[in-house]
Amino acid sequence: LRRLRLPSVVRHAYETGVQAIPVVAVIAFLISIILAYIGLQQLRPFGAEIFTVDLVAIGVLRELGVLLTAIMVAGRTGSAYAAELGVMKLNDEVDALESLGLDPFEVLVLPRVLGLVIAMPLLTIVADAMGLAGGALLTSLLIDLSWSQFLARLASALSDTPFWAGLIKAPSLSLVDPLLLP
């Protein structure tokens, strides 16, 4: 723990998390609009349009928020990590660290993985919020469900389980993302 480079972890958490917020937010918003639209079209013949709120809430909070976040982070950050570490290997910087008696895994990989573990749950919360906002927007436009009605239906449709189930998946997916590197 004494050899952990906290400034490096913070930098990687910032690059992985804060800089990814716009991309994750837009994707979650748009995908949840699509999910709500498809759900609404399927539920309309049965007069069950109100259940679109349940569909969006459970889908986004349990699965889509964390999954979309993981895909975006893997594509955006994973490729950046691969390129950065590849250039370091090509320029013999990894060998230079070893010749200085430093463990390249400890210096280069561990801060990146810890940054991902910190950033993924926070990005998942952003994706969840934007996903719910997308669902609320579509339901307000297509079935005239006000935002307060959406929130009331959301509260009655959900327990804490979908939110926590999705949030618990985030750190585990952040540990898988580096394994996807080429």
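On a predicted model such as this, the values are computed, not experimentally measured, just so you know.
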Val60 vs Met130, test: side-chain contact (heavy atoms from CB on, under 4.5 Å). Steps then yes/no. CA-CA 9 Å; Val60 166; Met130 291 304 293; over 6 Å; no
List the steps and the verdict of side-chain contact (heavy atoms from CB on, under 4.5 Å) for Met120 and Val73. CA-CA 8 Å; Met120 278 293 291; Val73 168; 3.8 Å; yes
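Tested against Ile38 for a side-chain contact (heavy atoms from CB on, under 4.5 Å), the candidates Ile34, Leu40, Leu35 yield a single pass: Ile34.
Residues in residues 129-157 take part in these salt bridge (Lys or Arg N to Asp or Glu O under 4.0 Å) pairs, two or more places apart or across chains: Asp54-Arg153. Within the structure, every pair that satisfies the ring-ring contact (aromatic ring centres under 6.0 Å, His included) test and touches residues 12-45, not counting sequence neighbours, is listed here: His12-Tyr81.
Proximity of a side-chain donor or acceptor of Gln149 to a complementary backbone N or O of Ser146 within less than 3.5 Å is detected. Side-chain atoms of Thr16 do not come within 3.5 Å of backbone N or O of Ala13 as any donor-acceptor pair. Judged by distance alone, the side chain of Ser140 and the main-chain N or O of Leu137 form a donor-acceptor pair under 3.5 Å.
For the atom pair CD1 (Ile58) and CD (Glu63), the distance works out to 11.0 Å, reported to the nearest 0.5 Å. Taken to the nearest 0.5 Å, the OG1 atom of Thr77 stands 8.0 Å off from the CG atom of Leu123.
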Please report, to 0.1 Å, the donor-acceptor pairs under 3.5 Å made by any side chain of residues 88-96, with sequence neighbours excluded.
from  : atom 1 : to    : atom 2 : distance (Å)
Asn91 : ND2    : Val87 : O      : 3.4

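For Leu68 against Ala28, the heavy-atom pair with the smallest separation is CD1-CA, 4.0 Å.
When only modelled atom types and interatomic distance are considered, Glu49 and Thr52 share no side-chain donor-acceptor pair under 3.5 Å.
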